[in-house]
Amino acid sequence: MAMKALREVGRKRSGAEGIGGSRGFADCAAAAMGVAERREGGGGGGGTKAVNLFTAVNQALHIALDTDPRSYVFGEDVGFGGVFRCTTGLADRFGKNRVFNTPLCEQGIAGFAIGLAAMGNRAIAEIQFADYIFPAFDQLVNEAAKFRYRSGNEFNCGGLTIRSPYGAVGHGGHYHSQSPEAFFCHIPGLKVVIPRSPHEAKGLLLASIRDPNPVIFFEPKWLYRLSVEEVPEGDYMLPLSQAEVIRKGSDITLIGWGAQLAVLEQACEDAAKDGICCELIDLRTLIPWDKETVEASVSKTGKLLISHEAPITGGFGAEIAASIAERCFLRLEAPVARVCGLDTPFPLVYEPFYMPTKNKILDAIKATVNY
C-alpha cells in the first residue's frame with residue numbers, strides 16, 4: 001500500500017514512474033538480499049491501518065492529549081480541524097480548554113506556547129504555514145532556544161513543540177511553499193525534525209512532543225493526502241537524531257529529508273538502470289543530525305549528493321557537505337554534490353524549474369560517479 005501510494009506521489013511531482021515505498025525502499029539488485037525493512041518503535045501492541053500523513057499526525061495528537069493531561073494543542077483554526085484537517089476531532093474529544101483557536105498572530109502563538117511549556121505543560125502549537133513562522137522567529141530563537149541556557153538549567157520550555165506544514169505543493173507560490181528549516185538549524189537549543197511518510201510522522205511527532213527540548217516539527221504538506229501506508233494504531237515513538245538507511249548501495253550516497261526522499265528514490269531507480277547503485281539515507285532529524293551514519297556511508301561509497309527544496313545557498317545541505325568534507329576528506333573520490341532549490345523567491349508558474357527534480361538529481365549522480 002505504501003509503495004503504491006508513494007509511486008503516485010512521484011508521478012504527480014515529476015511525471016516519472018518507479019518510486020519505492022516510504023518505509024523499506026527497494027534496494028539495488030546487488031544489495032537487495034542484505035537489507036531488511038526496519039520498524040523501530042513498534043506499534044504499542046495494536047494492529048496497523050493504512051492511513052495518509054495528515055491522519056497519522058492526527059493520531060499522534062490524539063495519543064499525546066490522551067496520555068498526558070498537561071498537553072495542549074492550539075493555533076489558527078485548529079478548533080475545527082485546521083486547513084489540512086490535522087486536528088480534526090480533537091476539540092470534540094478533549095474540550096476547548098485543551099484544543100483551541102488563537103488569533104492570527106504567530107509571535108503571540110509562539111510566546112504563549114513558550115510560557116505554557118515553561119510552566120511544565122506540553123505545548124503543541126501549530127503555525128498554519130511554515131512561510132508564516134517568521135513573525136515568531138524572535139520568540140523561537142531568542143526565547144525558546146535560550147530559555148534553559150540563560151537560567152543555568154533552573155527553568156526550561158522543553159515541553160514546546162511547534163508544528164508547521166512546509167515545502168512545495170504545486171500551486172502555493174512564494175508565500176505557501178517555502179522550506180525554512182535551515183534558519184532554525186543555525187540556532188543552538190532547538191531540534192528540527194522532518195518526516196517523510198505517515199509511519200515516520202506519527203512516531204517522530206510523538207517523540208518530539210515528549211522530548212525534553214523545544215522541537216520544530218515541519219510536515220511535508222505535499223504528502224498530507226498523497227502518502228499512504230500501514231501505520232501502527234497504537235502509541236509508538238521513533239528515535240530522534242537517528243538517520244535511516246532506506247536503500248543500500250555502493251557507488252554514491254544520497255541524503256535528503258521530507259518529501260524530497262520520494263524524488264531521490266526515483267533518481268536511484270533510474271540510476272540503477274545505468275548500473276549505478278545508490279545508497280539513500282533519510283536524515284529525519286536535522287538538528288542534532290546523525291553524522292556517524294552519513295560518515296559511515298560516505299566512507300564506503302566515496303561520493304555524496306545532498307538534495308533539498310530550500311535554496312542552495314545557506315541551505316542545510318551546505319552544513320552536511322562541509323562536515324563530511326572535514327570528516328571524510330581522504331576518502332572522498334569526488335566533490336560533494338548538491339541539488340537544491342534555486343536562489344530565488346519560490347515561484348508560482350515557474351515552480352517546475354525551481355524544484356530539485358528527478359532528472360536534475362540523476363544528472364548530478366552520473367556526473368559525480370563519473371568524476
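Atom set for the values below is all heavy atoms of this structure, side chains included, hydrogens, waters and symmetry mates excluded. The chain is numbered in sequence order, starting from 1.
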Between [X] (side chain) and [Y] (backbone), is there a donor-acceptor pair under 3.5 Å?
{"X": "H308", "Y": "G317", "answer": "yes"}
{"X": "S177", "Y": "A168", "answer": "no"}
{"X": "N101", "Y": "G79", "answer": "yes"}
{"X": "R98", "Y": "S71", "answer": "yes"}
{"X": "R284", "Y": "V193", "answer": "no"}
{"X": "R85", "Y": "G82", "answer": "yes"}
{"X": "D290", "Y": "L283", "answer": "no"}
{"X": "N121", "Y": "A123", "answer": "no"}
{"X": "Q266", "Y": "K358", "answer": "no"}
{"X": "R196", "Y": "Q260", "answer": "no"}

Do [X] and [Y] belong to the same hydrophobic cluster, where Ile, Leu, Val, Met, Phe, Trp and Tyr are linked whenever their side-chain heavy atoms lie under 4.5 Å apart, directly or via other members?
{"X": "L348", "Y": "Y354", "answer": "no"}
{"X": "L190", "Y": "F218", "answer": "yes"}
{"X": "F100", "Y": "L116", "answer": "yes"}
{"X": "V73", "Y": "F94", "answer": "yes"}
{"X": "L61", "Y": "L240", "answer": "yes"}

[X] side chain to [Y] side chain, donor-acceptor N/O pair below 3.5 angstrom:
{"X": "T253", "Y": "E279", "value": "no"}
{"X": "T55", "Y": "N52", "value": "yes"}
{"X": "T87", "Y": "R163", "value": "no"}
{"X": "T301", "Y": "D251", "value": "no"}
{"X": "Q178", "Y": "Y166", "value": "no"}

Side-chain contact, heavy-atom cut-off 4.5 Å: [X] with [Y]?
{"X": "E244", "Y": "I281", "value": "no"}
{"X": "L65", "Y": "R122", "value": "no"}
{"X": "R148", "Y": "N213", "value": "yes"}
{"X": "I63", "Y": "K202", "value": "yes"}
{"X": "V336", "Y": "I320", "value": "no"}
{"X": "L204", "Y": "F217", "value": "yes"}
{"X": "I133", "Y": "F183", "value": "no"}
{"X": "E351", "Y": "V349", "value": "no"}

(Q) Determine whether F112 and F74 satisfy the following criterion, ring pair (Phe, Tyr, Trp, His ring centres under 6.0 Å), listing intermediate values before the conclusion. (A) CA-CA 10 Å; F112 172 76; F74 50 92; 5.1 Å; yes
Distance from [X] atom [atom1] to [Y] atom [atom2], nearest 0.5 Å?
{"X": "L238", "Y": "T285", "atom1": "CG", "atom2": "OG1", "answer": "9.5 Å"}
{"X": "E295", "Y": "L304", "atom1": "CD", "atom2": "CG", "answer": "11.5 Å"}
{"X": "D211", "Y": "S241", "atom1": "CG", "atom2": "OG", "answer": "8.0 Å"}
{"X": "C86", "Y": "E126", "atom1": "SG", "atom2": "CD", "answer": "6.5 Å"}
{"X": "E309", "Y": "C340", "atom1": "CD", "atom2": "SG", "answer": "10.5 Å"}
{"X": "L280", "Y": "E265", "atom1": "CG", "atom2": "CD", "answer": "6.0 Å"}

**Q.** Step-by-step side-chain hydrogen bond (donor to acceptor under 3.5 Å, both in side chains) determination, Q128 to D77
**A.** CA-CA 8 Å; Q128 197 168 83; D77 301 323; 3.0 Å; yes
Q | Distance under 6.0 Å and angle within 45° of ring axis: R225 vs F54 | A |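 Verdict for F54: a cation-pi partner in R225.
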(Q) Ring of F329, cation from R331 - is the NZ or CZ under 6.0 Å from the centre and inside 45° of the axis? (A) no
Q. Does the side-chain contact (heavy atoms from CB on, under 4.5 Å) test come out yes or no for L254 and I365, once each step is laid out?
A. CA-CA 9 Å; L254 274 59; I365 289 173; 3.7 Å; yes
Which atom pair, heavy atoms only, marks the closest approach of [X] to [Y]?
{"X": "A145", "Y": "I187", "result": "CB-CG2, 3.5 Å"}
{"X": "A267", "Y": "I361", "result": "CB-CG2, 3.5 Å"}
{"X": "L53", "Y": "P220", "result": "CD1-CG, 4.2 Å"}
{"X": "A113", "Y": "L160", "result": "CB-CD1, 3.4 Å"}
{"X": "R247", "Y": "A272", "result": "NH2-CB, 3.9 Å"}
{"X": "A182", "Y": "G314", "result": "CB-O, 3.6 Å"}

Q: For the residue pair W289 and F316, categorise the inter-ring angle as parallel (less than 30°), tilted (30 to 60°) or perpendicular (more than 60°).
A: perpendicular
Q. For the residue pair F137 and F134, does the interplanar ring angle fall in the parallel (under 30°), tilted (30 to 60°) or perpendicular (over 60°) class?
A.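 Judged by the thresholds at 30° and 60°, the geometry between F137 and F134 is tilted.
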Q) When you look at E233 and T48, which way does the side-chain contact (heavy atoms from CB on, under 4.5 Å) test go after all the steps? A) CA-CA 5 Å; E233 294 185 287; T48 65; 5.8 Å; no
Q) More than 12 foreign heavy atoms under 6.0 Å from CZ of F80: is that the case here? A) yes
Q) So with a 6.0 Å cut-off around CG of D343, is the heavy-atom count from everything else above 12? A)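 More than 12 heavy atoms, drawn from other residues, nucleotides or ligands, come within 6.0 Å of this atom.
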Q) Can the ring centroids of H199 and Y236 be said to lie less than 6.0 angstrom from one another? A) yes
**Q.** side-chain contact (heavy atoms from CB on, under 4.5 Å) between I255 and L305, worked out
**A.** CA-CA 6 Å; I255 305 292; L305 183 150; over 6 Å; no
Q.
Using a strict threshold of under 4.0 Å (side-chain N to carboxylate O), is an ion pair present between R327 and E292?
A. yes
Q. Should K49 and E229 count as an ion pair when the cut-off is N to O under 4.0 Å?
A. no
Q | salt bridge (Lys or Arg N to Asp or Glu O under 4.0 Å) partners for K366, two or more places apart | A | D274
Q | side-chain contact (heavy atoms from CB on, under 4.5 Å) between L90 and H62, intermediate numbers included | A | CA-CA 7 Å; L90 296 180; H62 267 91; 3.2 Å; yes
Q: Quick one: do D270 and K273 satisfy salt bridge (charged side-chain N to carboxylate O under 4.0 Å, His left out)? Show the steps, please.
A: CA-CA 5 Å; D270 278 12; K273 297 174 184 177; 3.5 Å; yes
Q | Of Y132, F84, F346, the residue whose pairing with H176 passes ring-ring contact (aromatic ring centres under 6.0 Å, His included) | A | Y132
